[in-house]
Amino acid sequence: MNKRIVVLASGRGSNFQAVIDAVAAGEIPGHCVALITDNPEAYAIERAENARIPAVVIEYASFPSRDMYERALLAAMQQQGADLFVLAGYMRILGKSIVQAFPGKVVNIHPALLPSFTGLHAQRQAVDYGVKVAGCTVHFVDESLDCGPIILQRCVPVLSDDDEETLAERILEEEHKAFPEAIRLFCEDRLVINGRRVLIQ
Ligand code: GRF
């Protein structure tokens, strides 16, 4: 069955675009029913408009507390009747109540080979650490930060003259392959979470 996908993004939305393109190419048995963003300036909104996907803005700064923001976000997410929520550069940590409302239904992409380099500036952390291989990880979201069960990873070499920016670009190319692929597997009902491991059937 064609799955209902909701994308959450805060910024430029190149991963969102990769998902839009894969859906348009018929590679994913699903469709994007909405973009939800916390940032009214996000370029992702323009991408949604171009693809005729409704954009819902829930601006963090317009709420008196984090709790109120999360309640509004949860309500907006519940309204969508989504099968899958995709965090495509959504720059806030999802609160416990949201994660618990959609177990096994939220996936994230992180620009590092987890469990290395969680949190912000993962590519800079990789360059500073001196690793020779870096990459990206698509994983289910649970209550931990960047530590839910891993669906897919793709790796790239780290070159001796890399800085944060050049490495981020090389990783981003792999993100644009890994994310649509993981979403395709989800939409084909081929992912089974077994403890920390995700089985691909
Ligand atoms: C990506 O590097 C992604 O891994 C991280 O945030 C960045 C978002 O980029 N979570 P974009 O908005 O998809 O272009």
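Whatever order the structure lists ligands and atoms in, that order sets their numbers, starting from 1. The shown structure was predicted, so the numbers you read here are calculated from the model rather than taken from an experiment.
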Which atom pairs, one a donor and one an acceptor, fall under 3.5 Å between side chains of residues 52-65 and the rest of the protein, sequence neighbours left out?
| from | atom 1 | to | atom 2 | distance (Å) |
| --- | --- | --- | --- | --- |
| Ser62 | OG | Glu59 | O | 2.7 |
| Ser65 | OG | Met68 | N | 3.1 |

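- With sequence neighbours left out, Asp142 forms a side-chain hydrogen bond (donor to acceptor under 3.5 Å, both in side chains) with Ser144.
- For Tyr90, there are no ring-ring contact (aromatic ring centres under 6.0 Å, His included) partners, not counting sequence neighbours.
- Sparse packing is recorded around CD of Glu165, with 12 or fewer heavy atoms of other residues, nucleotides or ligands lying under 6.0 Å away.
- With Ser10 as reference, Asp38 is the one residue of Asp38, Thr37, Asn39 to meet the side-chain hydrogen bond (donor to acceptor under 3.5 Å, both in side chains) rule.
- A heavy-atom cutoff of 4.0 Å around ligand 1 is satisfied by the protein residues Arg12, Gly13, Ser14, Asn15, Gly89, Ile109, His110, Pro111, Glu175.
- Counting only heavy atoms from C-beta outward, the side chains of Phe179 and Val107 approach each other to under 4.5 Å.
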